Amino acid sequence: MRFSKMFIPTLREIPADAEAVSHKLMLRAGYVRQFAAGLYIYLPLGMRVVEKINKILREEMNAIGAQEITMPVLHPAEVWQQTGRWNTIGEEMFRLKDRTGRDMCLGMTHEEIMTWLASREIRSYRDLPQTWYQIQTKLRDEARPKSGVLRTREFTMKDSYSFDADEKGLDKNYQLHAGAYHRIFKRCGLKFYQVESDPGMMGGATAHEFMAPSPAGEDQVALCDNCGYSANVELAVSVSAGIKSEDWAFEEIHTPEKRTVQEVSSFLKLSPEYFIKSILVISEAGPVLALVRGDQELHEKKLVRIIGNHRPAQKTEVKDILGVEAGFIGPMNQKIRIIADATLKHGRYVSGANRLHYHAKGIKPEKDFTAEWNDIHIAKAGDKCSKCGSALRVEQCIEIGNIFKLGTKYSVPLRAFYLDENGQERPVIMGSYGIGPARIAAAAIEQNNDKDGIIWPESIAPFDVELLPLNMKDEKTVEAAERLYKELAEKGVEVLLDDRDERAGVKFKDADLIGIPTQLIIGEKNLKDGIVEIKDRRTKETVKVKIKEAVERTASANSQYK
RNA sequence: CGGGGCGUAGCGCAGUCUGGUUUAGCGCACCUGCCUUGGGAGCAGGGGGUCGGUGGUUCGAAUCCACUCGCCCCGACCA
C-alpha cells in the first residue's frame, strides 16, 4: 500500500479530549476518529488492525470446533421478556418500537437469540455439543463511555455460546475456550492474566476474566505470585494482616466529636486495625449492620451476595434505628442483623459505644456481640493470599475477554430442551464467551508504546514493514524503493511505502507514530553503496544491509507471524 | 444520575474575570511561489470563524444573565 493513496490523517498535536495513552495514540496516528461520545470510526489503519485481530480470533475459534454465524442486532422484546432481562437490565439497553408499536431493542449481547435458535433446532443429544460464535456489533447505552475505544456504546465483540448435554460437556467447552483465549491473547502479543470473576448479571456459577495489565483499565485484580491465585477484587478473597491481641478490659472512653475511624484513631493514638467500622445499610429485608476492621473497606458486591440489594442508611435513619448518631455506633446490644468480616473474629477492638461522644474499648467478638461471619472486605495489596499466605499484589487491568458457565439460565426459560438417550427431556447446558477486539488493540497500545508512538506486536500491526524513501526527488531512491516494494510484496510481506514528497523528518515522525514494527530506510548516501537500513521500531536499532539482503531479512523475520 | 472542567478556523490555544480601537488573534495544518531534503525546515504571499445553540440585559455582547445542547474527567453504574 502506498502512503500517498491511503487515508492516514496523523496529528502533530495531542487531541484535547483524549486521556488514555491508547486513545491519544489511536487518534494521533490516524487509526480512529470519534464521532460522538462512545462512538468511533475506524480509519483504514485501524480497520487493518481489527481485521488482523479478527483473523486470529477466527482461526482459534475454528480450531476448537466453534462455527461462525451472524445474528441480527435488532431484537423483538419477546425473547428478552422470556428470560426476564427485558426488565432487569434497565437503561443500559437501547429500546425502540417498530412502526406497528412492537417493543424492540438493540442487542447488547446475544444469549437470548442464540438460545432461541438452539431451542428451535436442537432436538436430540445427537445434535450436541454445538458451539456457535459471531463477530458482531453490540450496542449498550453506557452510563459513561470513556478512555477512547475501551468503553464505547457501540463495539464489536467475538461472542461464542456452547450448548452441551451435561455439565461434563460444559466443563470441556469451558476449558477449550480458556485454552483458545490463552492462545489468542498470546498471539496478539499481550501480557494478560486469567482471573476468577463475578458472574454478575449473566447468572451461572463459574466465570473467569482475561485481564491485560494497564493503568488505563477499569478493573483491579488481586494476584498471588506464589501460588497463582488470581481474582478480580470484586470477589478476591484475602486475609488481612493479623493484629496483636491486646488484653484490654472493656471500658467506655470519652471521644468528643471524634466520629471517623481516622479521627478516633489519632485521638487515641491507636492504629486503625484496632477499630471496628460499623456501617448501617438498608436492605430489602430491613436494616443491616456491616462490620469491617478499621483498615478495611467494605465490599458492596460481597455484601450484596449475602443480604441482597441495599443502600447506605441516611444519617437520620441511623439515629432512628440505632438510637445514636453515626460516628458513635458499635456492634454491642444490637437487635438488627449483623454481618461482620471474618477478620474481626479474633482480637479486641475499639468501636462506637452507642452513646454520643463515647467509644468502647476492649470489645471482644462473640462475647460483646455476635454476628454472621463472612468475607466482606475489599482485598488490597499486601493482604495475605487465602490459599497460600503469601502477599497479594493488586494490579489495574483492562478486561479483554471473559468466559461464563451459564448452565440452564437461558435454556430453561427459552425452552431449549433436548431428548437424552432415555427419551428424557432435558435443558441444554450453556456457556458464553466474549472477547472485545477493540480492547485487544487498545491494550496492545497501552502495553507497547514510547514517547514517539505506538509499537505494534508484529501479529496485529497494520503492516509488516514501512518503506521510507527519504528523498522522493532522487531517482535512484525512488527506483530502489519501488523495487523493494515489489519484491517484498511478492514474498507476501505487507508493506506500507511512504511515497509522499515529504521531508525525511516528517516521514520518520509519522513512521514512529504509526508504529509498524520494522522500518526500511532508503537514504541517498547509503544507496550509493547499495545499502539500506533496517530499523526496529521497538529498540530503535538499525542495521545496514545490502539491498538484496534486506528483502530476505525482512521477509523471513515476518514469516513466523503469517 | 451526582460532582468538576471545557466549548473561539481542520488541530492546539489566547482573548471572557473588568462589555467598546481586534475589522476576533496566535502556533500548527491548508493553498501559491521560491528554496530545501537523515528527525515534524526557511522566506514571501494567501484562504478559512454566523466565538456550540436559543432567548435576554445593554447604545453596544465571544465577554454579563437565563435556558439548552455537546464533549472530557472523577464517582455511581457497568452482559
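Chain identifiers are assigned alphabetically (A, B, ...) following the order of the sequence lines, protein sequences preceding nucleic acid strands; residue numbering begins at 1 within each chain. All values below were derived from every heavy atom in this structure, side-chain atoms included, with hydrogens, water molecules and symmetry-related copies excluded. All values reported here derive from a predicted model rather than from experimental measurement.
The neighbour count for Arg538(A) CZ, taken as heavy atoms of other residues, nucleotides or ligands under 6.0 Å away, is above 12. Within 6.0 Å of CD on Gln67(A) lie more than 12 heavy atoms contributed by other residues, nucleotides or ligands. In Arg120(A), the CZ atom is not crowded: 12 or fewer heavy atoms of neighbouring residues, nucleotides or ligands sit closer than 6.0 Å.
Between rC59(B) and rG42(B), the two P atoms lie 50 Å apart (nearest whole Å). Only the P atoms considered, rG40(B) is 15 Å distant from rC30(B), to the nearest whole Å. Rounded to a whole angstrom, the distance from the P atom of rG75(B) to that of rG60(B) is 47 Å. On the C1' atoms, rU18(B) is 23 Å away from rU23(B), given to the nearest whole Å. Between rA9(B) and rU50(B), the two C1' atoms lie 13 Å apart (nearest whole Å). When the C1' atom is compared between rU58(B) and rA66(B), the two are found 16 Å apart, to the nearest whole Å. For rC72(B) and rU32(B), the P atoms lie 36 Å apart once the distance is rounded to whole Å. Comparing the same atom, P, in rG15(B) and in rG38(B) gives a spacing of 40 Å after rounding to whole Å.
A salt bridge does not link Asp529(A) with Lys544(A): none of the charged nitrogens is closer than 4.0 Å to a carboxylate oxygen.
Atom C1' of nucleotide rC78(B) and atom CD of Glu300(A) are separated by 15 Å, given to the nearest angstrom. Note: CD (Glu92(A)) to C1' (rC77(B)) measures 8 Å, nearest angstrom. In this structure, the CG atom of Leu513(A) is 15 Å from the C1' atom of rA29(B), given to the nearest Å. Atom CZ of Phe35(A) is separated from atom C1' of rC71(B) by 14 Å (rounded to the nearest Å). Going from atom CG of Asp474(A) over to atom C1' of rG38(B) covers 13 Å, rounded to whole Å. In this structure, Leu470(A) atom CG and rU36(B) atom C1' are separated by 14 Å, rounded to whole Å. Spacing between atom CG of Asp510(A) and atom C1' of rC28(B) amounts to 14 Å, rounded to whole angstrom units. If you measure from atom CZ of Arg311(A) to atom P of rC77(B), you get 15 Å, rounded to the nearest angstrom.
Among the heavy atoms of the strands lying under 4.0 Å from Lys535(A) is at least one base atom, whether or not backbone atoms are also near. Within the nucleic acid shown, Met157(A) comes within 4.0 Å of at least one base atom, counting heavy atoms only. Backbone-only engagement by Ile14(A) is indicated by non-hydrogen atom pairs under 4.0 Å involving sugar-phosphate atoms exclusively. Within 4.0 Å of Asn402(A), counting heavy atoms only, lies at least one base atom of the nucleic acid. Using a 4.0 Å heavy-atom cutoff across all strands shown, Ala18(A) reaches no nucleic acid atom at all. At a threshold of 4.0 angstrom between heavy atoms, the contacts of Ser147(A) are confined to the sugar-phosphate backbone, with no base atom among them.
Base pairing analysis places rA14(B) opposite nothing; no Watson-Crick or G-U wobble pair with both distances below 3.5 Å involves it. The base-pairing partner of rG75(B), taking Watson-Crick or G-U wobble contacts with both distances under 3.5 Å, is rC1(B). In this entry rU58(B) has no Watson-Crick or G-U wobble partner, no candidate having both defining distances under 3.5 Å. Of all nucleotides present, none satisfies the Watson-Crick or G-U wobble test against rG49(B) with each distance under 3.5 Å. With a cut-off of 3.5 Å on both pairing distances, rU21(B) has no Watson-Crick or G-U wobble partner at all. In this structure rC6(B) sits in a base pair with rG70(B), meeting the Watson-Crick or G-U test at under 3.5 Å.
Put simply, the side chain of Lys509(A) and the base of rG38(B) share no donor and acceptor less than 3.5 Å apart. No N or O donor and acceptor, one from the side chain of Glu524(A) and one from the base of rG38(B), sit under 3.5 Å apart. Remark: the Arg151(A) side chain and the rC78(B) base include a donor-acceptor N/O pair separated by less than 3.5 Å. At a cut-off of 3.5 angstrom, the base of rG39(B) holds at least one donor-acceptor pair with the side chain of Asp512(A).
Comparing Lys473(A) and Gln34(A) along RNA chain B, the residue whose closest nucleotide (by nearest heavy atom) sits nearer the 5' end is Lys473(A). Along RNA chain B, the nucleotide nearest Pro15(A) and the nucleotide nearest Asp219(A) are compared for position; the residue whose nucleotide lies closer to the 5' end is Pro15(A).
Checked against rC74(B), rG40(B), rG38(B), the side chain of Glu533(A) finds its nearest nucleotide in rG38(B). Minimum atom distance to the side chain of Glu142(A) is reached by rC78(B), of the listed rG38(B), rC72(B), rC78(B). In the set rC74(B), rG39(B), rG40(B), the nucleotide with an atom closest to the side chain of Arg144(A) is rC74(B). When each of rC78(B), rC71(B), rG27(B) is scored by its nearest atom to the side-chain atoms of Glu13(A), the top-ranked nucleotide is rG27(B).
Listed pair Arg12(A) / rC28(B) fails the phosphate criterion, with no side-chain N or O lying under 4.0 Å from OP1 or OP2. For Arg503(A), a side-chain nitrogen or oxygen approaches OP1 or OP2 of rA41(B) to under 4.0 Å.
Between Tyr40(A) and His23(A), the two ring planes are perpendicular [angle over 60°; tilted spans 30° to 60°]. Note: Tyr433(A) and His177(A) have parallel aromatic rings, judged against thresholds of 30 and 60 degrees for the angle between ring planes. The aromatic rings of His182(A) and Phe210(A) sit perpendicular to each other, their planes meeting at more than 60°, with 30° as the lower class boundary.
Side chain of Thr518(A) to main chain of Asp536(A): no donor-acceptor pair is present (N/O by atom type, distance under 3.5 Å, no hydrogens or angles).
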